[in-house]
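Remarks on the structure that follows.
Everything numeric here is computed off the predicted structure, so don't read it as measured data. Numbered from 1 within each chain, the chains take letters A, B, ... in sequence-line order.
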Protein chains: 2
Amino acid sequence: MVNTNRIAEIGLLIGEPARAAMLDALMDGRALTAGELAGVAGITPQTASGHLARLSDANLLAVERQGRHRYHRLASAEVADLIESVARIAAVTLPQTRRPVTGPRDAQMRLARTCYDHLAGGLGVAVTDALVAKGVIAFDDGAGIVAPDGLDRLAALGIAVDDAARRTTRPLCRPCLDWSERRPHLAGRLGAAVCRHFLERHWVTRIADSRALFITPKGRQALRAEFGIAEIG
Amino acid sequence: MVNTNRIAEIGLLIGEPARAAMLDALMDGRALTAGELAGVAGITPQTASGHLARLSDANLLAVERQGRHRYHRLASAEVADLIESVARIAAVTLPQTRRPVTGPRDAQMRLARTCYDHLAGGLGVAVTDALVAKGVIAFDDGAGIVAPDGLDRLAALGIAVDDAARRTTRPLCRPCLDWSERRPHLAGRLGAAVCRHFLERHWVTRIADSRALFITPKGRQALRAEFGIAEIG
DNA sequence: CGGATGCTTCGGTCTGGGCCGTAGCGTCGC
DNA sequence: GCGACGCTACGGCCCAGACCGAAGCATCCG
């Protein structure tokens with residue numbers, strides 16, 4: 001058994017509001033500077049610096065120097081999964097008082113956002129449902145399956161799974177429980193490929209300082225034409 | 001987004017050595033008394049009582065009164081998954097110095113143990129491999145698949161998935177990365193059914209105060225006859 | 001009923017760690 | 001080179017919370 005002290009250490013790293021906020025801010029897979037992270041956590045840069053050093057030492061974060069900036073990002077998809085697990089419990093654990101905390105910004109998040117590196121929210125589950133309806137993928141009791149000709153059919157749409165990452169342990173196709181929708185959306189390497197495709201074609205664009213995504217008119221048209229999705233929500 | 005403070009709270013609950021030790025001790029799915037948990041954590045009962053109250057308040061634990069005892073167990077399989085996620089990161093995170101901390105007790109754990117409610121260790125992956133070889137189940141890039149006739153073939157062996165639990169969200173078949181073996185073993189409702197089968201037939205018995213399992217002579221024979229497993233390790 | 005057992009509550013001590021102000025180091029632009 | 005900027009290291013303050021001893025409840029047993 002892994003020493004339980006190691007488990008506690010990881011828990012402790014997450015168990016601090018400022019660090020949790022920073023980790024959450026990095027959940028979209030992008031890299032942010034120490035200053036930006038200090039901002040989202042509501043603390044001074046020098047305090048943030050200490051936190052980030054600890055997170056990096058524990059290999060939860062990876063840091064990349066670029067000039068006088070230091071960009072921090074989650075060290076791996078596994079770390080993102082960890083945060084997801086915690087957040088899932090956090091949501092379940094919470095007594096169901098006043099579930100929908102609907103702000104204007106919240107609405108955008110519910111409509112479309114990224115979850116680490118794949119699509120989530122109404123858009124995420126809609127695209128997932130469409131792929132299931134097409135028979136490209138299927139979910140069997142929480143396990144993801146790709147049809148034998150699934151990858152070829154996706155390639156025909158211009159969606160290519162990153163071959164360089166094939167040898168990693170990261171799952172190809174995996175369901176990920178969506179917070180706002182409470183239903184699974186597509187995750188794994190395939191989910192990342194779909195998300196990349198949407199961003200590259202400018203079907204969606206990132207909304208500043210947020211994981212929320214804006215669905216462009218071009219995107220709405222493509223959703224209708226290629227996935228048969230007329231309305232989201 | 002779920003308030004990041006909620007995430008931090010969960011992290012904080014795990015991020016304390018005594019609580020982490022208690023949660024880990026409950027990872028085999030059994031229920032333990034407050035006194036026993038105080039023992040494994042190396043603290044006095046009154047301190048443990050405080051910790052347990054907090055864990056219960058946060059719905060990480062469920063408690064059942066029985067006479068003057070109070071039995072504590074993990075509140076759900078999702079909590080077990082959470083601890084698993086943390087432990088997985090803890091193992092990966094750790095610089096690879098002196099990997100195998102081989103004690104006499106550790107060896108037994110590596111050979112066979114429970115992981116929440118399914119088989120793990122050498123035995124866990126061996127049984128999993130056998131089921132894969134038989135074509136009953138398959139893992140596709142981290143996703144678990146059951147063959148169309150899989151459940152029927154398992155039923156023929158006397159292994160029945162609990163139908164009462166069919167409506168839960170818990171996955172039927174799911175790979176779970178094994179610490180000691182660093183390869184996936186079978187988890188999910190199917191994994192629980194297999195483990196239950198092994199225990200009911202007395203193919204394995206629990207070793208006191210541990211998640212480790214002892215493989216009985218009867219069990220070794222059954223492994224050879226029904227799964228074609230001659231040697232484990 | 002009285003004692004033993006299991007657990008919880010309360011009160012008080014003490015340490016770990018989060019926080020910021022100040023200062024120091026490296027990088028960029030003029 | 002010089003100042004502005006981003007980040008990190010150090011020192012000191014302060015508080016949350018982990019811990020235990022003592023005491024209080026509840027339950028079981030003789």
Extract from the structure each pairing of a protein N or O with an N or O of nucleotides 12-17 of chain C at less than 3.5 Å, listing the distance.
none

Contact list (N/O, under 3.5 angstrom) for nucleotides 5-12 of chain D vs protein:
from  : atom 1 : to      : atom 2 : distance (Å)
D:dC5 : O2     : A:Arg68 : NH1    : 3.4
D:dC7 : OP1    : A:Ala34 : N      : 3.2
D:dC7 : OP2    : A:Gly35 : N      : 2.9
D:dT8 : OP2    : A:Ser49 : OG     : 2.8
D:dT8 : O5'    : A:Ser49 : OG     : 3.1

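A donor atom on one side chain and an acceptor atom on the other are found under 3.5 Å apart for B:Thr33 and B:Glu36.
One interatomic measurement links the two molecules: CG of B:Leu55 to C1' of D:dG17, which rounds to 14 Å at whole-angstrom precision. Protein atom CE of B:Met22 is 12 Å distant from nucleotide atom C1' of D:dC19, rounded to whole Å.
Aromatic ring pairs are classed by plane angle as parallel below 30°, tilted from 30° to 60° and perpendicular above 60°; the pair B:Trp203 and B:Phe198 is perpendicular.
The side chain to side chain donor-acceptor pair (under 3.5 Å) test applied to B:Thr216 returns no partner, not counting sequence neighbours. By the salt bridge (Lys or Arg N to Asp or Glu O under 4.0 Å) test, A:Glu9 is found to be paired with A:Arg6, residues two or more places apart in sequence or in another chain being considered. With sequence neighbours excluded, no residue forms a side chain to side chain donor-acceptor pair (under 3.5 Å) with A:Ser76.
Side-chain N/O atoms of B:Arg65 include none lying less than 4.0 angstrom from OP1 or OP2 on D:dA26.
Side chain of A:Arg113 to backbone of A:Ala120: no donor-acceptor contact under 3.5 angstrom is found. The backbone N or O of B:Ala222 lies less than 3.5 Å from no partner atom in the side chain of B:Arg201, so there is not a single donor-acceptor pair.
Proximity of B:Ile10 to A:Ile14: side-chain heavy atoms (C-beta onward) are nowhere separated by under 4.5 Å. For the pair B:Met27 and B:Glu84, the minimum side-chain heavy-atom distance is below 4.5 Å.
A pairwise comparison of heavy atoms in A:Ile215 and A:Arg220 identifies CG2-CG, 3.8 Å as the closest pair.
Rounded to 10 degrees, the angle separating the terminal axes of the helix from C:dC1-D:dG30 to C:dC30-D:dG1 is 30°, with each axis obtained from five end pairs.
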